[in-house]
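Values below: every heavy atom of this structure, side chains too, minus hydrogens, waters and symmetry copies.
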Amino acid sequence: MGSESIKTIANNKKAYHDYFVDETFEAGIELFGTEVKSIRMGHCSVKEAFIRSAKGELYVEGMHINPYEKGNIFNKDPLRTRKLLMHRAEINKLIGKISEKGYALIPLEVYFKGPRVKVKVGLCRGKKLYDKREDMAKKEQRRELERDFKSANIRI
């Protein structure tokens, strides 16, 4: 196997704040040529995106890909529904999981793996307000430790 380069295009940091990510999966995504060109230029956002199932397939809703500037009539709707490409067993497993109460599928990252566009999909559980406060307190504590460590190293 060759070493394929991975180039991140879009990240969904908000998902890590709002959800506990239990498992991650890699999926391909069905795109048109002008959409791929636009993604190559970095014009993609998954901040408000989510994944739903219909007819035994998984679809990304709310993923925004800016229209390609030189694409004229071939440009598609920036917010159109896009199909995820995964193995049937994985799709069935995920559909079973999201039918359980409290689970959701959220796109966490869009990246190029070699020449192909991939989506990192997270099987997530929603966080309550107190969980978010706990995470923010831990993050603040870590920042203070890093600050103290940095200032201690400067004095030496």
Side-chain angles (χ1 to χ4, degrees), residues 1-33 35-66 76-150:
M1 305 294 153
S3 61
E4 294 181 348
S5 63
I6 294 177
K7 181 184 171 200
T8 302
I9 303 299
N11 232 327
N12 192 351
K13 293 178 186 170
K14 191 174 183 232
Y16 291 102
H17 182 263
D18 293 340
Y19 300 96
F20 292 113
V21 179
D22 289 348
E23 240 179 305
T24 59
F25 299 89
E26 183 179 76
I29 186 166
E30 195 174 72
L31 297 171
F32 288 94
E35 290 176 320
V36 175
K37 288 178 182 182
S38 188
I39 289 175
R40 226 173 256 294
M41 294 173 69
H43 300 303
C44 177
S45 172
V46 288
K47 282 187 176 74
E48 299 296 320
F50 63 95
I51 297 169
R52 67 171 177 81
S53 65
K55 300 177 192 164
E57 299 289 346
L58 296 175
Y59 296 94
V60 179
E61 301 268 343
M63 179 176 161
H64 190 276
I65 299 175
N66 286 355
K76 301 291 179 190
D77 177 30
L79 287 170
R80 76 179 183 85
T81 302
R82 295 170 180 90
K83 183 177 173 181
L84 286 182
L85 308 171
M86 298 175 83
H87 291 287
R88 174 60 47 204
E90 281 182 316
I91 291 173
N92 291 340
K93 177 184 175 182
L94 290 174
I95 289 174
K97 281 286 192 180
I98 60 175
S99 64
E100 291 177 27
K101 190 177 187 315
Y103 277 104
L105 278 177
I106 307 292
L108 301 174
E109 191 178 347
V110 176
Y111 56 93
F112 276 100
K113 188 173 184 181
R116 292 184 166 69
V117 178
K118 299 288 184 178
V119 179
K120 186 179 188 182
V121 176
L123 183 62
C124 305
R125 287 178 291 123
K127 282 186 183 179
K128 303 280 188 243
L129 185 61
Y130 58 83
D131 292 326
K132 292 179 189 176
R133 285 190 191 131
E134 215 172 89
D135 281 355
M136 285 172 25
K138 283 180 187 173
K139 191 183 274 185
E140 185 59 37
Q141 200 173 31
R142 193 183 75 239
R143 281 187 190 142
E144 283 180 27
L145 282 171
E146 286 175 1
R147 218 176 287 130
D148 293 344
F149 182 72
K150 189 176 180 180

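- Side-chain atoms of Glu48 and Lys14, non-hydrogen and from C-beta on, do get closer than 4.5 Å to each other.
- Within 6.0 Å of the CD atom in Gln141, the count of heavy atoms belonging to other residues, nucleotides or ligands does not exceed 12.
- Side-chain atoms of Val117 and Phe112, non-hydrogen and from C-beta on, do get closer than 4.5 Å to each other.
- Listed here is the closest heavy atom pair of Ala104 and Ile98: C-CG2, 4.1 Å.
- Going from atom CZ of Phe25 over to atom CD of Glu23 covers 4.0 Å, rounded to the nearest 0.5 Å.
- No more than 12 heavy-atom neighbours from other residues, nucleotides or ligands sit within 6.0 angstrom of CZ on Arg116.
- Counted within 6.0 Å of CD on Glu26, heavy atoms from surrounding residues, nucleotides or ligands total more than 12; the atom is thus considered enclosed.
- Of all heavy-atom pairs between Ile51 and Val121, the closest is CD1-CG1, 3.6 Å.
- Rounded to the nearest 0.5 Å, atoms CD1 (Ile65) and NZ (Lys37) are 14.5 Å apart.
- Considering only heavy atoms from C-beta on, Ile95 comes within 4.5 Å of Leu58 through its side chain.
- Interatomic distance, CG of Asn92 versus OG of Ser53, reported as 10.5 Å (0.5 Å rounding).
- In this structure, the side chain of Arg82 engages the main chain of Met63 through a donor-acceptor pair within 3.5 Å.
- Counting all heavy atoms, side chain and backbone alike, Ala49 lies closest to Pro107 at CB-CG, 3.6 Å.
- For the pair Arg52/Thr81, a side-chain contact is recorded, criterion being any heavy-atom separation below 4.5 Å from C-beta on.
- Summarising the local packing, NZ of Lys118 is surrounded by more than 12 heavy atoms from other residues, nucleotides or ligands at distances under 6.0 Å.
- How far CG of Leu85 is from CD of Glu30: 6.0 Å, rounded to the nearest 0.5 Å.
- Annotation for Ile91 and Gly56: closest pair CG2-O, 3.5 Å, computed over non-hydrogen atoms.
- In this structure, the side chains of Arg88 and Glu57 come closer than 4.5 Å at one or more pairs of heavy atoms.
- The SG atom of Cys124 sits 5.5 Å away from atom CG of Leu108, with the distance rounded to the nearest 0.5 Å.
- Put simply, CG on Leu84 and CG on Leu94 are 9.5 Å apart, with the number rounded to the nearest 0.5 Å.
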Exercise for the section: Check the pair Glu144, Lys139 against salt bridge (Lys or Arg N to Asp or Glu O under 4.0 Å), reporting the backbone distance first and the verdict last. Expected result: CA-CA 9 Å; Glu144 283 180 27; Lys139 191 183 274 185; over 6 Å; no

